[in-house]
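If you read the sequence from its start, that first residue is 1, and numbering goes on from there.
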Amino acid sequence: VERLVAPDREAGVLDQLVARGIAEETVAVAKLIAHWLGFGPAIMLAALPTAAMFDLAGAVLARLELALLIGTPGLAALGVAVAALTAASRRAGAVAGLLLLPLAVPVLIFGAATAVGEPGALGLLAAASLLLVAGSPFAAGAAMRAARD
């Protein structure tokens with residue numbers, strides 16, 4: 001997580017983007033999409049051989065893939081927001097873990113409940129993920145602005 005924003009901040013890339021008129025929130029959205037593309041499809045693809053190893057039924061695998069499809073963007077958004085909040089810190093790894101874990105727990109719980117077929121868990125997972133995806137660019141943008149000032 002500490003490598004999502006800090007290297008760009010230290011190299012002056014974020015300052016150059018702002019100087020060109022690109023908002024920090026736009027940068028955060030681009031980082032969110034790139035971060036999700038880096039791990040989301042890979043996890044969804046890795047679920048297929050894992051399901052075969054555990055001899056999961058097709059319906060369970062479908063629910064698992066749906067939970068991954070809905071939940072991983074929320075986790076990516078949370079990672080970008082935490083990375084932006086801790087970008088100016090020297091010991092960002094420890095602080096990032098303390099911030100990330102309690103906020104990721106609802107997504108993980110609702111994702112697991114969706115995969116096992118708990119009724120209503122899919123809606124809660126979608127709501128938590130949507131809240132994180134919608135709110136994290138603004139939190140990350142504000143954190144990037146604060147670190148720049």
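The list of salt bridge (charged side-chain N to carboxylate O under 4.0 Å, His left out) pairs with a residue in residues 28-56, not counting sequence neighbours, reads D8-K31. Under the ring pair (Phe, Tyr, Trp, His ring centres under 6.0 Å) criterion, the residue pairs touching residues 8-35 are H35-F39, with sequence neighbours excluded. Listed by first and then second residue, the salt bridge (charged side-chain N to carboxylate O under 4.0 Å, His left out) pairs involving residues 103-131 amount to none (not counting sequence neighbours).
Evaluation of the side chain to side chain contact (heavy atoms under 4.5 Å, CB included) rule for L131 yields no partner, not counting sequence neighbours. Listed by chain and number, the residues in a side chain to side chain contact (heavy atoms under 4.5 Å, CB included) with R63 are A59, V60 (sequence neighbours excluded). For A30, there are no side chain to side chain contact (heavy atoms under 4.5 Å, CB included) partners two or more places apart in sequence or in a different chain. Remark: E24 engages R145, R148 in a side chain to side chain donor-acceptor pair (under 3.5 Å) (not counting sequence neighbours). Legend: residues meeting side chain to side chain contact (heavy atoms under 4.5 Å, CB included) with T26, ordered by chain and number and at least two apart, are I22, A23.
Between L48 and L61 the shortest side-chain heavy-atom distance falls below 4.5 Å.
In this structure, R20 CZ and D15 CG are separated by 12.0 Å, a value rounded to the nearest 0.5 Å.
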Acceptor/donor pairs from residues 95-116 side chains to any protein atom, 3.5 angstrom cut, sequence neighbours excluded:
| residue | atom | partner | partner atom | Å |
| --- | --- | --- | --- | --- |
| T114 | OG1 | F110 | O | 2.8 |
| T114 | OG1 | A121 | O | 3.4 |
| T114 | OG1 | L122 | N | 3.3 |

Show me the donor-acceptor pairs, under 3.5 Å and distance only, between side chains in residues 68-84 and residues at least two apart or in other chains.
| residue | atom | partner | partner atom | Å |
| --- | --- | --- | --- | --- |
| T72 | OG1 | W36 | NE1 | 2.7 |
| T72 | OG1 | L68 | O | 2.6 |

